[in-house]
Amino acid sequence: MSNAKETNATQKSPLVGVIMGSDSDLKVMQEAAHILKEFHIPFELTIVSAHRTPMRMVEYASTAAGRGLKVIIAGAGGAAHLPGMVASLSTLPVIGVPIKSSNSINGWDSMLSILQMPNGVPVATVALDAAKNAGIIAAQIIGTFDETVSKTISNYKLQLEQSVIEKAKNVSNDWQNDFDEK
Ligand code: RP5
C-alpha cells in the first residue's frame with residue numbers, strides 16, 4: 001500500500017511552473033498546460049527569456065522552490081539556454097522542452113542546447129516539441145507524493161493501453177476481411 005498522501009493536487013497554489021522563452025513557443029508549450037489541466041494539477045504559465053529578461057529568469061528560478069513549485073518545465077528554441085540556466089539556479093527538477101522555433105536551424109540546435117548539460121546540472125530533456133510528455137513527467141513527479149495524481153496517471157495509462165488494444169482489434173479485423181475478399 002502506498003504511503004503517499006493526498007495533498008497538493010487539489011490546492012490552488014501552483015505545483016508546476018511552465019515557462020518558455022517567447023510567446024512564439026506557446027503553440028508547443030500549451031500541450032504541457034493541457035495535460036496538467038486534464039490531470040487536475042495546479043500550474044502557472046509564463047514567459048521567461050534567458051537572453052531578453054535575464055534578471056527575470058534569475059528571480060523566477062531562485063524563488064520557484066520557495067513559492068511551492070515542485071518541478072519546472074522550461075521550453076525554448078534555437079540557442080535554448082533557458083532550461084539549463086534555470087536548472088543552475090534552482091534545486092527543483094527541470095524538464096526541458098526543445099522547440100523547433102523560427103530561429104532554429106532544424107531543431108537539433110534546440111535539442112543539443114538543452115540536452116548537453118555539464119555533470120552536476122541536469123535537465124531532463126524530452127523529444128523535440130514534446131511538451132505533452134514534459135507535462136506527463138511533471139505529473140509523475142507530483143504523483144510520487146500525491147496519491148490522487150498517482151491514480152490519475154494509472155488511469156491514463158490504462159486508457160492508453162485500451163486504445164491500443166482496440167486499434168489492434170480493428171487492424172486485425174480489417175486485415176482479415178481484406179484478406180478473405182481477395
Ligand atoms: C528563443 O528564441 C525562444 O524560446 C523562441 O523559441 C525563439 C524565438 O523567439 P521569438 O523571436 O519568436 O520571440 O529564445
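Note that ligands are numbered from 1 as they come in the structure, with each ligand's atoms numbered from 1 the same way. The chain is numbered in sequence order, starting from 1. Note: hydrogens, waters and symmetry copies are ignored here, and every other heavy atom, side chains too, is used.
Scanning the protein for heavy atoms near atom 11 (O) of ligand 1, the closest one is R52 NH2, 3.2 Å. Considering only non-hydrogen protein atoms, atom 4 (O) of ligand 1 sits nearest to D25 OD2, 2.6 Å. Considering only non-hydrogen protein atoms, atom 12 (O) of ligand 1 sits nearest to S24 OG, 2.6 Å.
Side-chain contact between L45 and M20: present, with at least one pair of heavy atoms (C-beta onward) separated by less than 4.5 Å.
Of the listed residues (I95, L92, L15), just one forms a side-chain contact (heavy atoms from CB on, under 4.5 Å) with V71, and that residue is I95.
Considering only non-hydrogen atoms, atom 14 (O) of ligand 1 lies nearest to G77 out of G77, S22, A74. Of the candidates N103, D23, V28, N103 brings a heavy atom nearest to atom 8 (C) of ligand 1.
Under 3.5 Å, the side chains of N177 and E181 contain no donor-acceptor pair of N or O atoms.
Other residues, nucleotides and ligands contribute only 12 or fewer heavy atoms inside 6.0 Å of the CD1 atom of I105.
Close contacts of ligand 1 with A76, meaning ligand atoms under 4.0 Å from a residue heavy atom, involve 4 (O).
At a heavy-atom distance under 4.0 Å, no atom of I99 approaches ligand 1. When heavy-atom distances to ligand 1 are checked against a 4.0 Å cut-off, M20 has no atom that comes that close, whether in backbone or side chain.
Atom CD1 of residue I136 and atom NZ of residue K157 lie 7.5 Å apart, to the nearest 0.5 angstrom. Here the OG1 atom belonging to T152 is positioned 10.5 Å from the CD atom belonging to E147, to the nearest 0.5 angstrom.
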